[in-house]
**Student:** 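Can you keep this structure in mind? I'll have questions shortly.
Computed from a predicted structure; not experimentally measured. Note that ligands are numbered from 1 as they come in the structure, with each ligand's atoms numbered from 1 the same way.
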Amino acid sequence: MYGLINKAVEGLVRTRFGDAAWSRIRARAGLPDEPFVSMEQYPDKTTYDLVGAATEELGATAEAILEEFGRFWTVYTAEAGYGELMKSAGSTLPEFLGNLDQLHTRVKLSFPHLMPPSFSVSEQEAQALVLHYYSERPGLAPLVVGLLKGLGDRFGLEVEATWERVDGTRPHDRFRVRWRAKDATS
Ligand code: HEM
């Protein structure tokens with residue numbers, strides 16, 4: 001994956017756990033003490049190794065780390081120069097989720113070798129929908145849960161998401177997403 005992703009993992013660890021924690025995680029993942037370059041491609045293994053090293057250093061599960069990272073990513077990208085791109089994807093959560101493929105198509109203009117996931121929406125209701133997530137990369141469903149919660153924060157919504165693996169002709173992860181206004185009492 002592009003260095004932008006690893007840079008964001010580094011940013012999350014440094015902000016939440018400090019520079020020393022980052023040095024230990026980087027070393028445990030067997031990576032050199034060099035900055036990641038956003039526009040450079042790194043093997044997916046680098047990112048998975050970072051998550052693995054973080055689970056060991058921080059004593060958290062990979063699911064918890066991926067979810068936390070997803071949440072962080074929605075803010076990080078907006079601050080890392082992609083704020084306009086995020087804005088253009090929609091002004092409500094369901095609109096935004098319907099435009100995720102278009103969003104990554106635009107990202108591809110800057111990152112030509114991007115291998116983005118693909119999403120589609122079904123069963124849309126007033127405060128719920130089903131999101132289908134297609135990816136070449138295994139094990140990243142908890143990342144999507146965090147992304148959904150982060151997008152909820154962006155739109156002032158509390159989001160709940162549960163997911164299951166769907167086998168068949170086109171295996172993917174299927175998320176049942178529900179939301180409500182953050183200050184709602186019901
Ligand atoms: C402007 C904002 C965004 C940018 C710049 C961006 C960029 C990227 C990049 C660079 C990758 C790595 C893929 C590669 O290098 O081949 C990626 C992967 C991914 N993106 Fe985005 N993205 C953005 C927003 C989002 C949002 C809002 C979601 C919400 C669902 C999302 C979901 C994902 C997922 C799940 C992956 C993991 C890769 C996979 O499943 O195969 N992205 N994105």
**Student:** Once you measure the plane-to-plane angle for Phe69 and Trp73, does it fall in the parallel (<30°), tilted (30-60°) or perpendicular (>60°) bin?
**Tutor:**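 Judged by the thresholds at 30° and 60°, the geometry between Phe69 and Trp73 is tilted.
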
**Student:** For atom 37 (C) of ligand 1, which candidate among Leu140, Leu151, Leu147 holds the nearest heavy atom?
**Tutor:**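 Among Leu140, Leu151, Leu147, the closest heavy atom to atom 37 (C) of ligand 1 belongs to Leu140.
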
**Student:** Contact between ligand 1 and Leu114 is defined here as a heavy atom of the residue under 4.0 Å from a ligand atom; is it met?
**Tutor:**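 Flag set, Leu114 near ligand 1.
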
**Student:** Take the angle between the ring planes of Phe111 and Tyr82 and call it parallel below 30°, perpendicular above 60°, tilted in between.
**Tutor:**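 Tilted: the ring planes of Phe111 and Tyr82 meet at 30° to 60°.
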
**Student:** Return the residue, atom name and 0.1 Å-rounded distance of the protein heavy atom closest to atom 20 (N) of ligand 1.
**Tutor:**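 Going by distance alone, atom 20 (N) of ligand 1 is nearest to His104 NE2, 3.0 Å.
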
**Student:** Please lay out, stage by stage, how Glu10 and Lys7 fare under the test salt bridge (Lys or Arg N to Asp or Glu O under 4.0 Å).
**Tutor:** CA-CA 5 Å; Glu10 177 177 347; Lys7 249 178 118 84; over 6 Å; no

**Student:** Identify the heavy atoms of Phe119 and Asp101 that sit nearest to each other, and give their distance.
**Tutor:**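 Scanning both residues, the minimum pair turns out to be N-OD1, 2.8 Å.
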
**Student:** Would you mind checking which non-hydrogen protein atom is closest to atom 15 (O) of ligand 1, with the distance to 0.1 Å?
**Tutor:**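 Going atom by atom, the protein heavy atom closest to atom 15 (O) of ligand 1 ends up being Tyr2 N, 2.9 Å.
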
**Student:** Charged N to carboxylate O below 4.0 Å: is that the case for Arg71 and Glu68?
**Tutor:**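 Not counted as a salt bridge, because no side-chain N and carboxylate O are separated by less than 4.0 Å.
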
**Student:** For Thr77 and ligand 1, does the shortest N/O to N/O distance drop below 3.5 Å?
**Tutor:**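 There is no such contact.
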
**Student:** Got a sec: does the CD of Glu40 have more than 12 other heavy atoms crowding it under 6.0 Å?
**Tutor:**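 More than 12 within 6.0 Å, yes.
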
**Student:** Return the residue, atom name and 0.1 Å-rounded distance of the protein heavy atom closest to atom 40 (O) of ligand 1.
**Tutor:**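 Going atom by atom, the protein heavy atom closest to atom 40 (O) of ligand 1 ends up being Tyr133 OH, 2.5 Å.
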
**Student:** Nearest protein heavy atom to atom 5 (C) of ligand 1, by residue and atom, and its distance?
**Tutor:**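 The answer is Val107 CG2, 3.7 Å.
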
**Student:** Please list the nearest protein heavy atom to atom 23 (C) of ligand 1 with its residue and the distance rounded to 0.1 Å.
**Tutor:**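 For atom 23 (C) of ligand 1, the nearest protein heavy atom is Trp73 NE1, 3.6 Å.
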
**Student:** For atom 36 (C) of ligand 1, what is the nearest protein heavy atom, given as residue, atom name and distance?
**Tutor:**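 I find the closest protein heavy atom is Pro117 CG, 3.7 Å.
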
**Student:** Should the ring pair His132 and His172 be called parallel, tilted or perpendicular, given that the plane angle runs from 0 to 90° and is split at 30 and 60?
**Tutor:**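 Aromatic pair His132/His172 classed tilted.
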
**Student:** Report the nearest protein non-hydrogen atom to atom 11 (C) of ligand 1: residue, atom name, distance rounded to 0.1 Å.
**Tutor:**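 The closest one turns out to be Ile5 CD1, 3.6 Å.
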
**Student:** In the protein, which heavy atom is nearest to atom 24 (C) of ligand 1, and how far is it?
**Tutor:**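 Its nearest protein heavy-atom neighbour is Leu103 CD2, 3.6 Å.
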
**Student:** Could you list which atoms of ligand 1 come closer than 4.0 Å to a heavy atom of Phe96?
**Tutor:**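 Ligand 1 atoms under the 4.0 Å threshold to Phe96: 27 (C).
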
**Student:** Any sub-3.5 Å donor-acceptor pair from Asp44's side-chain atoms to Met1's backbone N or O?
**Tutor:**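 Yes; at least one donor-acceptor contact below 3.5 Å.
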
**Student:** Counting heavy atoms only, which part of Thr74 comes closer than 4.0 Å to ligand 1: side chain, backbone, both or neither?
**Tutor:**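 Within the 4.0 Å criterion, Thr74 makes no contact with ligand 1.
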
